[in-house]
Amino acid sequence: VNQNREQWGSRLGFILAAAGSAIGLGNIWMFPKTAGENGGGLFVLLYLLCVMVIGVPLMLAELAIGRASQSNAVGAFKKLTPGKPWFLTGGLGVLAGFLILSFYAVIGGWILIYLWDSITGLLTSQGMNTLTALNEHFTNRTTDPMYSILFYFIFMALTIFIVYKGIGEGIEKWSKILMPVLLGLLVLVIVRGLFLEGAMKGLEFLFVPRFEDFKPETLAGALSQAFFSLSLGMGAMITYGSYLKKNQNLPQSAVQVGGLDTLIGILAGMAIFPALLSINPDISPADMGGSGLIFKAFPQIFLEMFGGNALFAQIFAILFFVLVLIAALTSSISLLEVVTAYFVDERKFKRSHAAMIMGALIFIIGIPSALPTGAFDIVSSVTYDYMLPIGGFFISIYASWVWGRNRALIEIADGCKCFKLGILWHFILRWIAPFVIFQILLGKILIDLKVSESIRTTLQTVFTYTDAVLIGGALIAGIYFWFFKPASLVRDEKE
Ligand code: PFF
């Protein structure tokens with residue numbers, strides 16, 4: 001083991017840093033947006049299934065690969081299977097990190113713009129309390145290069161600064177304090193929102209699945225959202241896992257991080273939809289979707305929360321955007337960390353140089369995304385819809401077929417002597433996850449290629465049923481193993 005390599009200071013510190021990577025704009029900005037666009041309840045249900053059956057097992061695989069190799073996303077594959085091209089999976093991840101950060105930081109910039117507008121009081125001033133006004137404000141701000149580029153730059157600079165500083169003190173300490181505050185604030189908004197008249201409509205939208213609305217795109221959307229939100233498919237969790245000590249309980253960590261992340265996404269939805277639909281009873285959430293959702297809904301909600309009192313609304317808005325900013329930063333640093341760790345370990349850069357040079361490059365590549373050029377949609381769709389699921393596909397194949405059950409389970413046994421679901425976990429990665437991901441991707445490709453309607457519908461119906469059987473089966477097996485098979489499967493392997 002490399003003695004100089006940094007390590008997380010404590011168990012809790014790691015959980016919060018990993019949760020910090022997972023919890024971010026994907027939860028607060030994107031989850032409500034995607035749920036809104038996909039009809040609400042059914043999407044949320046499919047999302048939960050994707051997280052439980054595919055997301056958490058894959059996160060465990062990434063953490064185990066990281067800890068076993070003590071290496072960055074590319075080096076991990078090189079170390080565990082030398083001389084084989086598997087390191088390309090890590091390479092795809094580094095590239096994904098590069099590209100995702102280039103648009104993620106643009107949204108981070110929007111958060112900063114809204115923080116700024118909260119501080120000056122503009123956001124909670126008279127005349128901002130209608131959706132029309134807020135819509136217009138959003139468009140003006142995000143298409144004005146003065147604002148969008150400047151604040152994008154500031155967000156990127158903050159990200160670079162923290163990664164430059166390294167793992168322990170910065171990332172870990174801040175996550176510990178700020179994540180709980182964010183949780184508290186969200187709960188406050190929810191509680192207040194639920195007392196507004198007509199709020200139940202929002203809860204109904206979010207939680208009652210309407211199965212007749214099912215489209216294959218809903219499942220594809222849920223899977224992509226799960227990967228993005230859990231920071232999976234690009235080696236972020238391999239990289240974070242590589243700073244772990246051997247005594248960490250990995251399955252428990254994956255469940256905790258996955259659970260916290262899901263909780264925050266659902267809470268963000270609960271903060272938005274009831275209040276949104278109560279204040280604007282005539283809009284449909286699907287029309288409200290799109291990138292502006294939180295920027296249009298929240299300012300209105302804050303004003304409403306305090307009965308139009310601009311000062312309270314302002315204070316609350318500032319607090320809120322500060323915390324969203326922090327959630328975004330703890331994620332953006334993990335994106336830059338994947339790239340940085342690669343250049344430090346494999347290309348022998350100094351950490352400070354790697355962070356600065358790569359950060360600057362990413363900034364330049366992202367400039368078109370910060371301008372109204374259409375680049376934002378292309379880069380985000382390529383990474384979110386394709387690169388992360390493809391990465392996840394290869395990582396699950398790798399962990400289960402190539403690295404192999406015994407080596408994986410022995411790694412996991414450090415810190416977790418009786419992993420009850422070990423065999424099932426391996427089975428999921430070997431058979432279920434690759435199939436489901438592959439089918440969902442293929443379905444998505446058919447849609448994007450505009451393949452003829454009849455072929456597509458037939459194939460997608462078959463896919464959907466097999467996916468339902470695979471996911472449902474895995475879930476039932478999980479419950480069975482958990483409650484009725486208490487034997488330690490890992491020990492059997494080892495002894
Ligand atoms: N999970 C982050 C979010 O939900 O905002 C985004 C993200 C971070 C995706 C790191 C991927 C990643 F590697």
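Every number for a ligand or one of its atoms is a count from 1 in the order of the listing. Sequence positions, counted from 1, serve as the residue numbers for this chain.
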Just do the ring-ring contact (aromatic ring centres under 6.0 Å, His included) check on Trp8 and Tyr240 with the steps written out, would you?
CA-CA 9 Å; Trp8 302 107; Tyr240 271 28; 5.1 Å; yes

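- For Lys348, there are no salt bridge (charged side-chain N to carboxylate O under 4.0 Å, His left out) partners two or more places apart in sequence or in a different chain.
- Contact residues of ligand 1 (protein heavy atom closer than 4.0 angstrom to a ligand atom; sorted by chain and number): Ser21, Ala22, Gly24, Leu25, Gly26, Asn27, Tyr104, Phe228, Ser229, Ser231, Met234, Ala236, Ser331, Ser334, Leu335.
- Scanning for ring-ring contact (aromatic ring centres under 6.0 Å, His included) contacts around Phe463 gives an empty result, with sequence neighbours left out.
- Taken from NZ in Lys79 to CG in Asp345, the straight-line distance is 7.5 Å, to the nearest 0.5 Å.
- Salt bridge present: Lys246 and Glu411 bring a charged side-chain N and a carboxylate O closer than 4.0 Å.
- Applying the side-chain hydrogen bond (donor to acceptor under 3.5 Å, both in side chains) test to every pair with at least one member in residues 356-379, sequence neighbours left out, gives no pairs at all.
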